[in-house]
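Quick note: numbers below take in every heavy atom, side chains included, and nothing from hydrogens, waters or symmetry partners.
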Amino acid sequence: MRASRWPRSATTIRRSGRETPSRTSKLQDELAQRSDDLRGIARAILPPALDHGRLVDALEVLAKTFGDTRLGVRIDAPQADGIDTRRQIAIYHIAAEAVFNAFRHSGARECVVCVLHESSGQVVLTVSDDGRGLSAQDQPGIGMTSMKERATELGGELTVSDSENGTTIKVVLP
């Protein structure tokens with residue numbers, strides 16, 4: 001049904017005399033750009049690498065996002081691709097939120113994301129930055145709440161430690 005509406009609408013625009021070749025071209029370009037934007041948003045929410053169990057690749061893409069900024073992001077996750085999909089997705093989102101928080105709030109110059117897949121099956125994620133640390137006035141926001149909820153959903157625990165040398169987010173998933 002929709003397919004038949006598009007050609008009729010285009011015909012109506014042409015008959016009304018409002019359409020010109022350049023206007024049509026501009027509309028097509030705008031639609032293509034909007035489509036690309038939506039694809040980018042979807043990939044940011046769930047990078048394609050995670051569809052194939054490649055957490056390390058997804059984290060590397062996250063790190064490259066900050067390539068032209070003051071924040072250098074280093075990934076240390078040699079065995080992360082062996083983690084099951086549910087935990088990979090949670091780890092990716094928690095790591096992404098922690099890195100974005102370091103960028104937005106801490107003034108950090110370096111951030112390290114480390115994922116350990118222990119022989120017991122337990123997964124430990126740490127995200128450490130060299131920023132200003134947390135102050136007494138800092139109130140947990142949506143990002144911190146979201147990270148805690150993701151860890152808790154999988155039976156895990158999230159802890160935050162900080163000092164004048166930076167902040168560390170640690171997540172342990174069974």
Side-chain angles (χ1 to χ4, degrees), residues 29-119 121-135 138 140-154 156-173:
D29 291 346
E30 178 68 20
L31 286 172
Q33 181 61 47
R34 299 293 172 138
S35 180
D36 289 345
D37 291 346
L38 285 173
R39 269 190 223 94
I41 291 168
R43 286 185 182 126
I45 293 170
L46 190 65
L50 289 178
D51 289 340
H52 305 288
R54 296 189 332 256
L55 176 58
V56 176
D57 290 349
L59 292 171
E60 291 291 347
V61 169
L62 173 67
K64 288 178 184 172
T65 302
F66 294 91
D68 293 334
T69 71
R70 67 166 157 69
L71 182 66
V73 180
R74 185 168 47 92
I75 306 299
D76 180 15
Q79 302 157 340
D81 289 348
I83 299 168
D84 61 277
T85 303
R86 284 187 71 208
R87 292 189 296 172
Q88 279 193 9
I89 292 169
I91 289 164
Y92 174 81
H93 285 292
I94 293 168
E97 184 63 38
V99 172
F100 278 105
N101 281 348
F103 177 73
R104 283 186 289 232
H105 304 298
S106 77
R109 301 208 34 87
E110 182 180 32
C111 186
V112 178
V113 177
C114 181
V115 181
L116 297 173
H117 190 193
E118 298 179 346
S119 60
Q122 182 172 280
V123 177
V124 179
L125 164 70
T126 56
V127 181
S128 301
D129 68 60
D130 63 353
R132 67 171 176 82
L134 300 173
S135 70
D138 290 337
I142 293 171
M144 188 64 72
T145 301
S146 171
M147 289 188 289
K148 285 183 180 181
E149 287 174 354
R150 286 184 186 277
T152 303
E153 281 176 0
L154 296 176
E157 183 179 344
L158 180 139
T159 57
V160 180
S161 57
D162 72 302
S163 68
E164 64 277 354
N165 298 325
T167 302
T168 298
I169 304 289
K170 181 178 179 180
V171 176
V172 178
L173 299 176

| Listed partners of S163 passing side chain to side chain contact (heavy atoms under 4.5 Å, CB included), at least two apart |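 So S163 forms a side chain to side chain contact (heavy atoms under 4.5 Å, CB included) with N165.
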| field | side-chain contact (heavy atoms from CB on, under 4.5 Å) between M144 and V160, intermediate numbers included | value | CA-CA 10 Å; M144 188 64 72; V160 180; 3.8 Å; yes
Contact check, side chains of [X] and [Y], non-hydrogen atoms, under 4.5 Å:
X: C114; Y: L116; answer: yes
X: R87; Y: L154; answer: yes
X: N101; Y: R104; answer: yes
X: K170; Y: V172; answer: yes
X: V73; Y: I75; answer: yes
X: I91; Y: V123; answer: yes
X: V99; Y: V127; answer: yes
X: H105; Y: T167; answer: no

Testing the basics here: between [X] and [Y], what is the closest heavy-atom pair and its distance to 0.1 Å?
X: R70; Y: G107; answer: NH1-C, 3.9 Å
X: A58; Y: Y92; answer: O-CE1, 3.6 Å
X: Q79; Y: H117; answer: OE1-O, 3.2 Å
X: D129; Y: A108; answer: CB-CB, 3.7 Å
X: V115; Y: A80; answer: CG1-CB, 4.0 Å

Is there a donor-acceptor pair under 3.5 Å between the side chain of [X] and the backbone N or O of [Y]?
X: D162; Y: T168; value: no
X: S146; Y: I142; value: no
X: T152; Y: E149; value: no
X: D130; Y: R109; value: yes

Measure the spacing between [atom1] of [X] and [atom2] of [Y] and express it to the nearest 0.5 Å.
X: L173; Y: R150; atom1: CG; atom2: CZ; answer: 11.5 Å
X: L125; Y: M147; atom1: CG; atom2: CE; answer: 9.5 Å
X: I83; Y: L55; atom1: CD1; atom2: CG; answer: 6.0 Å
X: L59; Y: K64; atom1: CG; atom2: NZ; answer: 12.0 Å
X: C111; Y: F66; atom1: SG; atom2: CZ; answer: 8.0 Å

| Yes or no on side-chain contact (heavy atoms from CB on, under 4.5 Å) for L158 and I169, after CA distance, side-chain angles and deciding distance? | CA-CA 7 Å; L158 180 139; I169 304 289; 3.8 Å; yes
| said: Tell me whether E60 is salt-bridged to R74, with the criterion being a basic N under 4.0 Å from an acidic carboxylate O. | reply: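 Salt bridge absent between E60 and R74.
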